[in-house]
Amino acid sequence: MISPEVRAEIRRLFFAEHFRVNAIAAHIGVHRDTVLHAIEVERMLASPAVRPSLLDRYRPFVEDSLRLYPRIRATRLFLMLQDRGYEGSVQQLRRLVAGLRPRRARAHLSLTHLPGEQAQVDWGSFGTLRIGRATRRLSAFLMTLAHSRRVYARFTLDQQLAAFHACHVRAFHDFGGVPRVLLYDNLKSVVLERIGNAVRFHPETLALAGHCHFRPDVCNPASGWEKGNVEAGVRFLRSSYAEARTYRDLDDANAQLRAWLDRTANVRPWPGDLTRRVDEVFEEERRFLLPLPAHDPPVAEILARHSGKTPYLRYDLNDYSIPHALVGRTLTLVADEETVRVLDRDREVARHTRSWDRSRKIEDPDHFVGILDRRPKARVGHGLA
């Protein structure tokens, strides 16, 4: 309900100033339907002037055609009517068809899942996190077991493939096993190409599935309800957890999230029987999960990097030192959430703690020993003694 003053202002803007309905709604700060109700559009449309139409004599034919062929296009009907003497426009026919075509409400079945059969996976975006001079996107990975509704969630600072797969492995360890099927939306990390029901999966996601023995599956396009459990989890995370939270760093964010999962999300009433809790049902479901693989799959990001003229490799806004003797070489950089490693073929030549800051040089003093002996003044520039 709106006050009489607001109603009067809406009617003034519409009838006197000739504002559009959407403009009035934005100006007043109300819904478009509220504006329509205030200007009594129903009354204005209640008794439209009825004018004869060239379609009047063809209306029974159109109604019969739509009853027999509910999906027939207006353009096809237009050709059929022209053969029968219709001389009007296709736009008139389209308006008539839009009003006559039978509309069916789409029914949705309530889905049930066997224990251990399926988990649903999704990302959620939760603003940004300031780390030094860098502002990083804060994302939440969620995996929800479809039967027990047990949730695993973890914050990350990117949604790259390496982080996506690393979160899978952490979730499997948290569950103590692997679901038989993982259901995704049409994420680029999962689906490279889709034509109808034909899906070309990302080869690295298929490699993860092969190592952990689950089957990847994807929702139909524009059918998010098919993974409603995890989407409900993202909404629950926003409404019950994320508001008014601040974090020192990523570790603090994940510590707070872990506490919320243990104290709230995974001890809530189980939707299948409100007298039971999610954690109780999960304990029963755990034994139906596939066993964890003997070894974790490799999930780090692997890149070829050329060192150029200085003993550093550039990675994700920062420079990491390498032994000066390897300047000018193409090396392999292996990075995960915590560590950046550098390999020369199969030999590790550098290992650093990953920095999520920006424009930093992360250095190992041993990498400069030889070059500083020959150029002692370079110590000052590097701050090395």
So, the side chain of Y247 versus the backbone of R130: is there a donor-acceptor pair under 3.5 Å, distance only? no
Go through the steps for F14 and V21 under the test side chain to side chain contact (heavy atoms under 4.5 Å, CB included), then give the verdict. CA-CA 7 Å; F14 183 81; V21 170; 4.1 Å; yes
Check: Y184 ring centroid to W123 ring centroid under 6.0 Å: no
When you look at F164 and H168, which way does the ring-ring contact (aromatic ring centres under 6.0 Å, His included) test go after all the steps? CA-CA 7 Å; F164 187 57; H168 279 67; 4.6 Å; yes
Transitively linked via ILVMFWY side-chain contacts under 4.5 Å: L274 with V151? no
Go through the steps for N186 and R194 under the test side chain to side chain contact (heavy atoms under 4.5 Å, CB included), then give the verdict. CA-CA 9 Å; N186 292 273; R194 178 168 191 161; 2.9 Å; yes
Salt bridge check, E284 against R287: does any charged N sit closer than 4.0 Å to a carboxylate O? no
Whether H306 side chain and L331 backbone form a donor-acceptor pair below 3.5 Å: no
Sidechain-backbone polar pair: N318 side chain, S359 backbone, donor-acceptor under 3.5 Å: yes
Report yes if the side chains of P311 and H367 come closer than 4.5 Å at any heavy-atom pair, otherwise no. no
Is there a continuous path of hydrophobic side-chain contacts, each under 4.5 Å between heavy atoms, that joins F61 to V90? yes
Verify, without hydrogens or angle tests, whether D336 (side chain) and A300 (backbone) share a donor-acceptor contact under 3.5 angstrom. no
A quick test of your reading: do over 12 heavy atoms of other residues, nucleotides or ligands sit less than 6.0 Å from CZ of R314? yes
Verify same cluster id: V35, I2 (apolar side-chain graph, 4.5 Å): yes
Parallel, tilted or perpendicular, as decided by the 30° and 60° cut-offs, for the rings of F155 and F126: perpendicular
Do D252 side-chain atoms and R248 backbone N/O form a donor-acceptor pair below 3.5 Å? yes
CD1 (I195) with more than 12 external heavy atoms under 6.0 Å: no
Just by distance, no angles: are the side chains of D296 and H211 close enough, under 3.5 Å, to form a donor-acceptor pair? no
Check: L326 and R329 side chains under 4.5 Å, non-hydrogen atoms: yes
Verify the neighbour count for atom CZ of R263: are there more than 12 heavy atoms of other residues, nucleotides or ligands below 6.0 Å? no
Compare every heavy atom of L208 with every heavy atom of P297, then report the nearest pair and how far apart it is. CG-CD1, 3.5 Å
Tightest non-hydrogen contact, residues V169 and V299, listed as CG2-CG1, 3.9 Å
Surrounding CZ of R276 (heavy atoms of other residues, nucleotides or ligands, distance under 6.0 Å), is the total greater than 12? yes
Under-4.0 Å salt bridge between E17 and R12: yes
Looking only at heavy atoms, the pair that brings H27 and L13 closest together is CD2-CD1, 3.8 Å
Just so I know, are the side chains of V327 and T310 near enough to count as touching, which here means a heavy-atom distance under 4.5 Å? no
Going by heavy atoms in the side chains, are E363 and H352 under 4.5 Å from each other? no
Between R268 and W270, is NZ or CZ placed under 6.0 angstrom from the six-membered ring centre and within 45° of the ring axis? no
Side chain proximity check, Y312 to S307, heavy atoms < 4.5 angstrom: no
Charged N to carboxylate O below 4.0 Å: is that the case for E63 and R59? yes
Return yes if some donor-acceptor pair links the side-chain N/O of Q256 with the main-chain N/O of T246 below 3.5 Å, else return no. yes
Side-chain touch H202/L161, heavy atoms, less than 4.5 angstrom: yes
What distance do T34 atom OG1 and I39 atom CD1 have between them, rounded to the nearest 0.5 Å? 11.5 Å
Rounded to the nearest 0.5 Å, what separates atom CG in L313 from atom CG in L303? 10.5 Å
Would you confirm whether S125, through its side chain, and S139, through its main-chain N or O, come within 3.5 Å as a donor-acceptor pair? no
Check ion pair D316-R136 (N to O, under 4.0 angstrom): yes
Nearest 0.5 angstrom please: E280 CD to D273 CG, how far? 9.5 Å
For the CD atom of E193 and the CZ atom of F201, what is their distance to the nearest 0.5 Å? 12.5 Å
If you compare all heavy atoms of Q120 against all heavy atoms of A146, which two are closest, and at what distance to 0.1 Å? NE2-CB, 4.1 Å
Shortest non-hydrogen pair, W356 vs A134, comes out as O-CB, 3.5 Å
R20 atom CZ, over 12 foreign heavy atoms within 6.0 Å: no
When rounded to the nearest 0.5 angstrom, what is the spacing between CG in L66 and CD1 in I72? 7.5 Å
Which residues satisfy the salt bridge (charged side-chain N to carboxylate O under 4.0 Å, His left out) test with R360, sequence neighbours excluded? none
Checking side chain to side chain contact (heavy atoms under 4.5 Å, CB included) for the pair I362/S321: CA distance, chi angles, key distance, verdict? CA-CA 6 Å; I362 297 88; S321 70; over 6 Å; no
Do H147 side-chain atoms and H113 backbone N/O form a donor-acceptor pair below 3.5 Å? yes
Answer yes if the ring centres of Y86 and Y58 are under 6.0 angstrom apart, and no otherwise. yes
Are M80 and L96 connected into the same hydrophobic cluster when the rule is that any two of I, L, V, M, F, W, Y join if their side-chain heavy atoms are below 4.5 Å apart? yes
Within the side chain of Y241, is there an N or O that forms a donor-acceptor pair under 3.5 Å with the backbone of A265? no
Are R354 and E338 within salt-bridge range, i.e. N to O under 4.0 Å? no
State, with a plain yes or no, whether a side-chain heavy atom of I28 is found less than 4.5 Å away from one of E9. yes
Just checking, R180 and F214: is the charged tip under 6.0 Å from the six-membered ring centre and within 45° of the axis? no
For V218 and L183, which heavy atoms make the closest approach, and how far apart are they? C-CD1, 3.8 Å
Verify whether the ring centers belonging to H31 and H37 lie closer than 6.0 Å. no
Is the NZ or CZ atom of R154 both under 6.0 Å from the centre of the six-membered ring of F141 and within 45° of that ring's axis? no
Would you say that L292 contacts V178 through its side chain, given a criterion of any heavy-atom pair below 4.5 Å between the two side chains? yes
How many angstroms lie between OH in Y69 and CZ in R101, if you round to the nearest 0.5 Å? 14.0 Å
Applying the 4.5 Å side-chain criterion to the ILVMFWY set and letting contacts propagate, would V281 and L145 be lumped into a single cluster? no
Who passes ring-ring contact (aromatic ring centres under 6.0 Å, His included) against Y152, sequence neighbours left out? none
Is the closest basic N to carboxylate O distance between R170 and D174 below 4.0 Å? no
